[in-house]
Amino acid sequence: MTTHDPLSLGNAPLSGQENNPIGIESYALKSERFREKRQADWTALETLLNKLESKGARALSKDDLINLPRLYRSTLSSLSVARATSLDQNVTAYLENLCTRAYYKLYGTQMGLGKRIISFISKDWPEAAQRLWKDTALSAFLIFVSTLAAFYMVQADSDWFYAFVDAGLAGDRTPAASTEALRATIYDKPENADGLGIFASYLFSNNSRVAIFAFALGFAFGIPTILFMLSTGFMVGGFLGLFASRDLGFEIGGWLIIHGSTEIFAIILAGGAGLHIGRAIAFPGILSRLQSASLAGRTSALLMVGVVIMLFFAGLLEGFARQLITSDILRYVIGISLLFFWLAYLYIPRAEDKSRVK
Amino acid sequence: MSSAPPYTTPIPPSDRRTLITPEGVDLQIQLADVGARIGAVTIDLLIISITLILSLFVFIWGGFAVNGELAISLFILFALFLRSFYFLIFEMGPKAATPGKRLMKIRVAARNTAMGRAQLSANAVFARNALREIELFLPLSFLILKSNDVDGMIALLGLIWSGIFLLFPLFNKDRLRAGDMIAGTWVVRAPKPILGRDLAKQSQESLESFTFTPAQVEAYGIHELHVLETVLRTQKIKTMNDVAERIRQKIGWTQMAGETDTAFLNAYYRALRERLEARLLMGVKRKDKFDTR
């Protein structure tokens with residue numbers, strides 16, 4: 001039952017493609033013609049995207065910049081047409097893919113790094129700190145309560161010291177040490193000032209990890225963060241209590257505050273960011289738990305970038321300033337003015353920027 | 001992973017997610033599979049470790065001659081920056097992917113928001129990578145720590161903890177890491193789109209030598225057309241033989257002298273597509289061969 005009929009198609013020339021008036025034109029399917037007509041746009045968009053991805057936005061000419069959204073929209077409409085009329089899976093998949101790539105380019109954040117940094121320092125960071133002030137206050141409260149508790153307990157009975165302070169961190173500063181030895185740890189310059197650089201970079205590296213933990217642990221409903229803040233407070237309080245019990249309270253205060261006002265502030269902020277996430281997950285309100293978490297995550301992460309910057313300064317202060325400046329008064333002046341600086345910078349309300357759409 | 005075919009393939013339903021543009025079109029996107037993600041992170045960790053080891057030599061040789069202390073502190077800072085900023089900088093870049101992710105053809109993207117705009121912000125990238133610290137680097141440091149520093153119980157807890165996070169992507173439908181969940185991101189496939197040849201476009205010669213009756217082109221629906229397209233694009237001889245044989249039987253076609261399976265399948269593909277397209281224009285969508293309308 002062969003239905004082969006050579007006559008049914010007439011005697012069209014064999015070589016005929018586009019040049020042939022009755023060749024491909026008359027035989028082309030609708031979807032074939034659709035593709036032929038639009039393909040130039042698709043390829044142009046693809047070329048633009050390749051250029052954009054390999055060389056960045058600067059590689060595009062003015063015409064390219066005008067063309068990009070036009071080509072994107074025309075390809076997007078091609079996609080709609082292809083979905084409705086073309087049965088060629090590859091064309092549809094190709095167009096979906098191409099449009100997605102263009103979409104990411106057009107609607108992704110393309111703020112330059114410099115602008116991004118300026119906007120971060122002038123707006124985003126303080127804004128995030130202000131939005132999280134409740135969590136930060138809770139985090140600060142936790143640290144102060146535990147500091148006070150440890151402080152009085154160690155003063156009452158110095159054996160508590162070992163319960164609060166990690167032996168590795170304490171070094172020679174334990175209740176077993178003589179008062180003179182303790183005093184020495186507050187003021188002694190290391191023999192070799194060059195070692196300070198290593199010390200500072202080590203401290204920064206270590207502290208930023210600590211802060212990131214405080215933040216990241218918020219994920220488990222914030223409970224580990226609470227424990228972390230408490231244990232940090234206990235440790236600080238333990239140290240202070242030990243020194244205070246030997247009448248070195250004022251001196252240790254200066255030793256701590258010169259870098260502590262920045263460092264502990266940063267850790268409090270990190271704890272606040274962690275608690276914020278924990279709270280968003282535990283009590284999502286009208287949002288879904290996932291939406292709530294990711295919304296909170298972004299604001300908190302913003303604050304965390306600031307925390308890392310603060311810790312960098314704290315590392316410098318701890319490594320250099322504390323070792324080189326041994327005057328108690330000067331230590332207090334520097335530490336307290338830094339505290340006021342951070343408070344003012346982060347929490348003094350800014351003039352509302354009306355042009356900014358939230 | 002198999003090598004990519006020279007054309008863009010449709011997204012399998014389980015990996016397909018919606019992404020609605022402000023213009024109201026649903027661009028379908030494809031989630032990255034777990035294998036690709038493991039591959040990507042392995043490559044990235046290898047790059048980081050190798051860079052660290054090489055730079056250690058540079059710091060030792062170059063640095064110590066000048067100033068040993070400075071060299072060490074620079075190295076510590078460098079190690080920290082490398083580990084924390086490697087992921088950050090690459091994922092904030094134009095491709096939103098680390099070198100490992102690029103090799104695996106995947107990228108980070110923002111999950112859909114209620115507002116309809118999925119914008120990957122620098123903050124989101126930071127958030128997802130800050131959490132990497134507890135998902136990846138905390139457990140790693142538990143394993144590296146000397147056993148006398150941490151007793152067995154804590155090490156065990158650390159392992160359980162990290163196990164939970166490492167397996168996290170396997171237990172939610174969007175394969176989110178904890179970091180993705182917090183940051184509002186996900187990892188999607190980002191292959192370069194490749195437009196294959198149009199299978200309907202054929203030489204005049206082959207158009208002339210095949211003529212099908214309406215009954216013959218009515219035998220199948222859209223589903224079979226798509227299967228046939230895949231067969232034709234994959235170009236596996238054995239499958240093509242089988243499929244050609246089955247179609248010939250179904251439509252009652254006698255093989256002509258010198259008629260190859262490829263030529264037959266191509267011709268039938270074109271005829272079927274033409275028919276189904278014509279019906280589509282009339283508003284009739286024939287799903288598959290069982291759909292008789």
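All values reported here derive from a predicted model rather than from experimental measurement.
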Rounded distance [0.5 Å steps], CD in A/Glu32 versus CG in B/Asp198: 5.0 Å
Shortest non-hydrogen pair, A/Asn90 vs B/Glu229, comes out as N-OE2, 3.0 Å
Identify the heavy atoms of A/Ala301 and B/Ala127 that sit nearest to each other, and give their distance. CB-CB, 3.4 Å
Which atoms of B/Ala124 come close to chain A, meaning under 4.5 Å heavy atom to heavy atom: side chain ones, backbone ones, both, or neither? both
Does the side chain of B/Thr8 come within less than 4.5 Å of A/Thr92's, by heavy atoms? no
Proximity breakdown for B/Arg102 and chain A, heavy-atom pairs closer than 4.5 Å: neither
B/Tyr269 atom OH, over 12 foreign heavy atoms within 6.0 Å: yes
Which bit of B/Leu280 comes within less than 4.5 Å of chain A, counting heavy atoms only: side chain, backbone, both or neither? side chain
First locate atom CG of B/Asp26, then atom SG of A/Cys99, and finally report the distance between them rounded to the nearest 0.5 Å. 11.5 Å
Against chain B, label A/Ile277 side chain, backbone, both or neither, depending on which of its atoms sit under 4.5 Å from a heavy atom there. side chain
Can you say whether B/Leu195 sits under 4.5 Å from chain A via the side chain, the backbone, both, or neither, judging by heavy atoms? both
Measure distances from A/Ile281 to the heavy atoms of chain B and classify the residue's part below 4.5 Å as side chain, backbone, both or neither. side chain
Hydrogens and angles aside, do B/Glu23 and A/Tyr103 bring a side-chain donor and acceptor to less than 3.5 Å of each other? no
How about B/Arg273 and A/Ser31: does a side-chain donor come under 3.5 Å of a side-chain acceptor? yes
Heavy-atom proximity to chain B below 4.5 Å, by part of A/Leu98: both
Separation of B/Leu228 CG from A/Leu87 CG (nearest 0.5 Å): 12.0 Å
Is there a side-chain contact between A/Arg101 and B/Lys192 (heavy atoms, below 4.5 Å)? yes
Looking only at heavy atoms, the pair that brings A/Leu76 and B/Val25 closest together is CG-CG2, 3.8 Å
Side chain, backbone, both or neither: which part of B/Arg107 has a non-hydrogen atom closer than 4.5 Å to chain A? side chain
Are any non-hydrogen side-chain atoms of B/Leu225 and A/Gln89 less than 4.5 angstrom apart? no
Point-to-point distance, once rounded to the nearest 0.5 Å, from CD1 of B/Ile29 to CG of A/Asn97: 11.0 Å
Top contributor to chain A contacts, counting heavy-atom pairs under 4.5 Å, from B/Ala96, B/Ala79, B/Gly184: B/Gly184
Among A/Arg83, A/Lys30, A/Arg73, the residue with the most heavy-atom pairs under 4.5 Å to chain B is A/Arg83
Side chain / backbone / both / neither for A/Ala84 at chain B, heavy atoms under 4.5 Å: backbone
Mind listing the closest non-hydrogen atom pair of B/Pro193 and A/Glu46 along with its distance? O-OE2, 3.4 Å
Distance (rounded to the nearest 0.5 Å) between B/Lys95 NZ and A/Leu52 CG: 11.0 Å
Please determine whether salt bridge (charged side-chain N to carboxylate O under 4.0 Å, His left out) holds for the pair B/Arg197 and A/Asp88, giving the CA-CA distance in whole Å, both sets of side-chain angles, and the decisive distance to 0.1 Å. CA-CA 10 Å; B/Arg197 66 185 182 91; A/Asp88 192 338; over 6 Å; no
I'd like to know if the side chain of A/Glu96 reaches the main chain of B/Gln28, judged simply by a donor and an acceptor atom lying under 3.5 Å from each other, with no hydrogens or angles considered. no
Go through the steps to decide whether B/Leu27 and A/Tyr104 satisfy the test side-chain contact (heavy atoms from CB on, under 4.5 Å), and finish with yes or no. CA-CA 11 Å; B/Leu27 301 172; A/Tyr104 283 144; over 6 Å; no
Please tell me if the side chains of B/Leu131 and A/Phe215 come closer than 4.5 Å, counting only heavy atoms from C-beta onward. yes
Side-chain contact test, heavy atoms from C-beta onward, threshold under 4.5 Å: evaluate it for B/Arg111 versus A/Ser294 and give yes or no. yes
With a 4.5 angstrom heavy-atom cut-off, is it the side chain or the backbone of B/Phe78 that approaches chain A, or both, or neither? neither
What is the minimum heavy-atom distance between B/Ala183 and A/Arg298, and which atoms define it? O-NE, 3.3 Å
Chain A contact via B/Glu277 - which portion, at a heavy-atom distance below 4.5 Å: both
